[in-house]
Amino acid sequence: MTTSEVDPWHRQRSSGDYEDRYDFEPVTPISTTLPPRVYNRPTVYKLPIKKNNKPQNISPNSPKSILQERPTLFGGLLILSLVCGFLSGYDYRLFSSPSVHQNLSAISVSSNKMSPLGLLGELSKERRRVMELIKNDYGEEHYSSVFGPSLRFNDVISMDDITRERIINRLMLKIAAAHSSHHTDSEPFFTWITSGDETAAAYGNFQHQSYTSILLETVSTSFAALGIRFEARNHAMGRHISRSPELAFCMESIFGEELDIVSWDFGLGDASRVGNSLWGNRVASHRSHPILFVMDSRERDRWRAKIPRETHREPAIYMDTNGVNKLARQFPDSSRLPPAQATYLPPALRYYTCEGHSEGTEGCDDPPHYVCQTDPTCVQQKFIAQAECPEITEYQHLWNDGWKEHLFRGRLMGMWLLDLLKEALLELDAAMTNPKGTNTIKSNWASILHQLTSKDESYRTTFMKSPPFKVDDALSEEITKEISWNILYRQPTICHTALFPSQLRNKPHFQDLYDHYTLGEKNHYASKKIGQLPLVLDPSERPQCSIPTKVDFRDYFSLERTSGFMTCTMDANRNAQLKQFRLQKGVEGFVMICLRKCFGIECPPNRMTFTENILEQGKLVIEINGDAATGVVQWDDDCYFVKHLDSLKWDTLGGGNGRINIKFRVNTNDEMQISSIIVF
């Protein structure tokens with residue numbers, strides 16, 4: 001039996017057409033094929049439709065017509081390179097509408113001869129295209145009131161001078177890499193990672209409506225015009241998946257190895273100050289030293305807990321959700337308009353703001369989600385009813401954001417990034433041109449790339465030499481007396497995880513262990529090695545809708561009664577960062593096991609956990625490089641450090657060839673479901 005027969009998520013979705021985001025009533029079910037239009041609007045931004053595995057660009061403004069709209073230049077002399085940028089840009093503009101479903105390699109641009117001012121001209125044209133896109137979302141009048149010249153991003157998105165310097169330098173580096181002949185890769189990437197709970201994962205919506213997808217739609221062609229491929233990947237997972245410390249310790253395995261921005265959007269919970277501190281340190285100590293992008297309310301105490309101390313050089317950007325809501329109040333308040341008048345608002349604004357609050361909700365002190373209703377009409381209109389996709393309606397809760405909120409946030413973040421791109425190009429022009437105004441080049445792309453790379457590396461060096469920024473909340477004394485904060489917060493790990501989505505699942509060495517296209521008995525992925533720890537999926541979590549909805553799944557490694565040991569083998573030498581670190585010190589020798597989360601009736605009746613003395617009683621046997629485990633120490637949630645004798649440290653992991661063999665055997669009829677195995 002193939003995976004495609006039982007797990008449609010792995011199947012290439014080339015037969016379904018993607019519905020226009022705005023072209024239907026919020027209460028009208030849609031089908032997987034394009035229905036007749038409901039509203040007569042002059043232009044509607046359409047998502048590209050994939051047919052026969054080829055992207056079909058559907059746009060109200062054809063590229064051909066845009067190519068004919070060349071600007072007329074009046075009066076004065078313009079800088080020659082800027083003129084060239086405006087003129088040559090039309091040769092590179094291949095699409096008028098970006099989308100998450102586009103093949104971005106088809107729209108990428110590279111030109112080693114173009115100057116920063118010439119690229120600024122390219123960016124200016126793309127920004128005008130984005131402005132038209134947003135005007136189509138909200139209408140000309142409402143666009144001007146929110147996205148016009150009066151928009152001040154500092155009221156919504158803020159950062160200190162160190163962080164601004166860091167992100168501008170990173171953008172300059174990407175641009176220089178795209179235009180330097182010394183850059184070996186064909187095309188540099190700028191990678192945005194969304195991490196968070198079910199709101200960030202867009203529960204209750206289609207994935208193309210998530211703010212991650214909207215951000216990609218907004219900026220992808222602007223980055224491409226500068227020769228950069230922009231990636232935005234949604235790795236947000238519902239609250240049923242452990243966040244701290246599992247995701248923090250597994251960032252490289254789950255998010256990938258080359259990252260530029262990692263968001264934190266766990267607004268529905270995760271109030272642990274230890275977890276916040278751990279998360280910020282782990283993002284900054286990632287091998288690519290990305291920048292943390294925090295999405296939270298400025299009024300919450302944990303906002304201050306995440307703000308880094310300047311001396312520690314932890315770069316962080318803060319998007320105040322209260323500031324976003326305040327900005328949204330400039331849109332028409334549907335609850336204060338006659339129903340007939342509210343109906344004629346653009347769909348993105350229709351019942352978006354009610355009683356002064358976005359989508360009829362506001363933050364409050366009511367647990368467990370801390371979201372309260374302010375207007376029932378907006379709440380009823382925040383989601384798209386979809387009878388054919390029950391997994392959507394299952395998550396259309398009061399506390400999850402609807403598509404209009406995702407749209408607004410995605411557009412805001414996109415415009416903010418475009419402003420930073422402009423600033424980066426101006427900085428590049430100043431760095432590469434003599435100050436006399438002669439426009440003569442004093443530094444070429446290759447030399448400026450070398451300077452920017454050295455500066456980027458210096459940021460990480462400075463950070464790694466600083467002491468960890470930690471809070472006073474104490475972990476278990478049994479943990480902190482053996483494991484230093486520097487190990488917990490800064491040093492690399494090996495993470496063998498079953499969580500999905502995960503970049504590890506695409507790695508060749510992981511695919512050498514499991515066949516992800518073949519399912520065997522009990523929904524186990526076919527193991528390619530005898531005795532390999534089984535990888536299992538839950539079919540009930542896989543969506544049945546042909547349009548992607550939920551993307552996070554709680555796959556797990558299963559331990560049941562067997563005739564022998566089940567083995568997990570990890571190789572420190574496969575981790576480039578850890579391999580380099582081991583040349584100096586070797587692995588520290590600590591092992592953490594995180595169990596699969598479950599709540600209430602969804603937990604299997606025979607679920608085995610570490611809450612009992614199962615190791616001492618012989619119900620579970622764990623051997624690590626030949627030594628037996630004698631107990632565990634709990635971190636929080638469902639993650640535990642494994643003990644050998646009376647210590648958390650496993651001395652046998654500190655040397656050898658870097659291979660780590662962990663064997664499990666269950667001696668009862670119970671089942672242990674493991675989410676991740678982490679080695680320090």
- Start with the C-alpha distance between K174 and D260, add both sets of side-chain angles, then the distance that settles salt bridge (charged side-chain N to carboxylate O under 4.0 Å, His left out), and finish with yes or no. CA-CA 10 Å; K174 301 288 184 177; D260 296 292; 3.4 Å; yes
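For the pair S222 and V130, the minimum side-chain heavy-atom distance is below 4.5 Å. Inter-residue side-chain proximity for R350 and Q381 is flagged as unmet; no heavy-atom pair is nearer than 4.5 Å. In this structure, the side chains of S675 and Y556 stay at 4.5 Å or more apart for every pair of heavy atoms. At a threshold of 4.5 Å between non-hydrogen side-chain atoms, the residues L412 and V324 count as touching. Looking only at side-chain heavy atoms (C-beta outward), N205 and Y203 stay at 4.5 Å or farther from each other.
For the atom pair E423 CD and I168 CD1, the distance stands at 4.0 Å (nearest 0.5 Å). Going from atom CD of E246 over to atom OG1 of T497 covers 5.5 Å, rounded to the nearest 0.5 Å. Rounded to the nearest 0.5 Å, atoms CG (L215) and CG (L417) are 6.0 Å apart. The CD atom of E198 sits 5.5 Å away from the CG atom of N400 when rounded to the nearest 0.5 Å. Note that the CZ atom of R127 and the CG atom of L133 stand 13.0 Å from one another [nearest 0.5 Å]. Atom CD of residue Q209 and atom CD1 of residue I392 lie 7.0 Å apart, to the nearest 0.5 angstrom.
Taking the salt bridge (charged side-chain N to carboxylate O under 4.0 Å, His left out) definition, one finds that D401 meets it with R409, sequence neighbours left out.
With 3.5 Å as the limit, one finds a donor-acceptor pair spanning the side chains of R411 and T218. Under 3.5 Å, the side chains of E405 and Y352 contain a donor-acceptor pair of N or O atoms. S253 and Q503 are not linked by any side-chain donor-acceptor pair at a separation below 3.5 angstrom, with hydrogens and angles left out of the test. Checked by atom type, the side-chain pair E126/T221 shows a donor-acceptor distance below 3.5 Å. There is a side-chain donor-acceptor pair under 3.5 Å between S335 and D333. Side-chain contact annotation: D265 with Y211, donor-acceptor N/O pair under 3.5 Å present.
Side chain of S210 to main chain of S213: a donor-acceptor pair is present (N/O by atom type, distance under 3.5 Å, no hydrogens or angles). Using a distance-only test at 3.5 Å, with no hydrogens or angles considered, a donor-acceptor pair links the side chain of D552 to the main chain of G238. Judged by distance alone, the side chain of T212 and the main-chain N or O of N234 form no donor-acceptor pair under 3.5 Å. With S220 contributing its side chain and L216 its backbone, the two residues share a donor-acceptor pair below 3.5 Å. Of the possible polar contacts, one joining the T343 side chain to the P339 backbone as a donor-acceptor pair under 3.5 Å is found. In this structure, the side chain of S144 engages the main chain of E140 through a donor-acceptor pair within 3.5 Å.
The ring of W403 has its center no closer than 6.0 angstrom to the ring center of F206. Taking the six-membered ring for Trp, F293 and Y318 have ring centres at least 6.0 Å apart.
Comment: R152 engages D155 in a salt bridge, judged by a side-chain N to carboxylate O separation of less than 4.0 angstrom. Salt bridge status for R229 with E231: absent, with no side-chain N to carboxylate O gap under 4.0 Å. Salt bridge status for R596 with D638: absent, with no side-chain N to carboxylate O gap under 4.0 Å.
Using bins of under 30°, 30° to 60° and over 60° for the plane-to-plane angle, the ring pair H397/W399 lands in the parallel bin. Aromatic ring pairs are classed by plane angle as parallel below 30°, tilted from 30° to 60° and perpendicular above 60°; the pair F223 and F190 is tilted. Using cut-offs of 30° and 60° on the angle between ring planes, the pair F331 and F408 is perpendicular. In this structure, W279 and F255 have perpendicular ring planes: the angle between them is above 60°, well past the 30° mark.
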